[in-house]
Amino acid sequence: MTRALTLISFAALAFASSSLMAAGNPQAGKTKAAACFACHGADGNAVDPQYPRLAGQYQGYLEQALHEYQTGGRNNPIMKGFAATLSDQDIEDITAYFSSLPTKLSTLNGHIQGDK
């Protein structure tokens, strides 16, 4: 009985944690991400290899990257300028949008440094 209660407790905690991690509104994010589309594509799959493909990336990773641009942990003047204007809610919404999109990461030919 104790083991069953322990398993149920862990399952409930895992479910609650995953709900907290999936914050953000993808629909609001699509609107807020309009400036991102010029480089990263409206579908998050940049055509130009100098820009990362954002579609299907982990939301937490994208959030961390934007916060690092804000704080200087990542050094890119263009991204620092865009990220500086974003609130935490904007970041959650934008990253929810890009992480919800289907990725084309399996077609990275020409998008990996050193590819011709």
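Throughout, residue positions are numbered sequentially from 1 according to the sequence presented.
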Gap separating the CD atom of Gln89 from the CD1 atom of Ile94, nearest 0.5 angstrom | 10.5 Å
Start with the C-alpha gap between Ser99 and Tyr61, add the side-chain angles, then the distance that decides, and say whether side chain to side chain contact (heavy atoms under 4.5 Å, CB included) holds.
-> CA-CA 10 Å; Ser99 68; Tyr61 168 75; over 6 Å; no
Does atom NZ of Lys30 have more than 12 heavy-atom neighbours, drawn from other residues, nucleotides or ligands, at distances under 6.0 Å?
-> no
Taking Gln57 for its side chain and Thr95 for its backbone only, find out whether a donor-acceptor pair lies under 3.5 Å.
-> no
Which atom pair, heavy atoms only, marks the closest approach of Arg74 to Glu68?
-> NE-OE1, 2.7 Å
Rounded distance [0.5 Å steps], SG in Cys39 versus CE in Met79 = 8.5 Å
Which heavy-atom pair separates Tyr69 from Lys80 by the least distance, and what is that distance?
-> O-CG, 3.4 Å
If we only count heavy atoms from C-beta on, is the Phe98 to Pro26 side-chain gap below 4.5 Å?
-> no
Output for pair (Leu54 CG, His40 NE2), nearest 0.5 Å, gives 5.0 Å
Taking a hydrophobic cluster as the set of Ile, Leu, Val, Met, Phe, Trp and Tyr residues connected by side-chain heavy atoms closer than 4.5 Å, whether directly or through intermediates, do Leu66 and Tyr51 fall within one such cluster?
-> no
Do the side chains of Tyr97 and Leu101 get nearer than 4.5 Å, heavy atoms only?
-> yes
For Gln27, does the CD atom sit with more than 12 other heavy atoms under 6.0 Å from it, leaving out its own atoms?
-> no
Rounded to the nearest 0.5 Å, how far does CG of Asn25 lie from OG of Ser100?
-> 10.0 Å
Distance-only polar pair, side chains of Gln70 and His67, donor-acceptor under 3.5 Å | yes
Are there more than 12 heavy atoms of other residues, nucleotides or ligands under 6.0 Å from atom OH of Tyr58?
-> no
Nearest non-hydrogen partners of Asp90 and Thr85, listed with the distance = OD2-O, 4.2 Å
Do Gln50 and Asp48 have side-chain N/O donor and acceptor atoms under 3.5 Å apart?
-> yes
Can you measure from CG (Asp93) to OG (Ser87) and round to the nearest 0.5 angstrom?
-> 7.5 Å
Could you tell me whether Lys104 and Asp43 make a salt bridge, using a distance below 4.0 angstrom between a side-chain N and a carboxylate O?
-> yes
Nearest heavy atoms of Gly24 and Ala96, plus distance in Å | C-CB, 3.8 Å
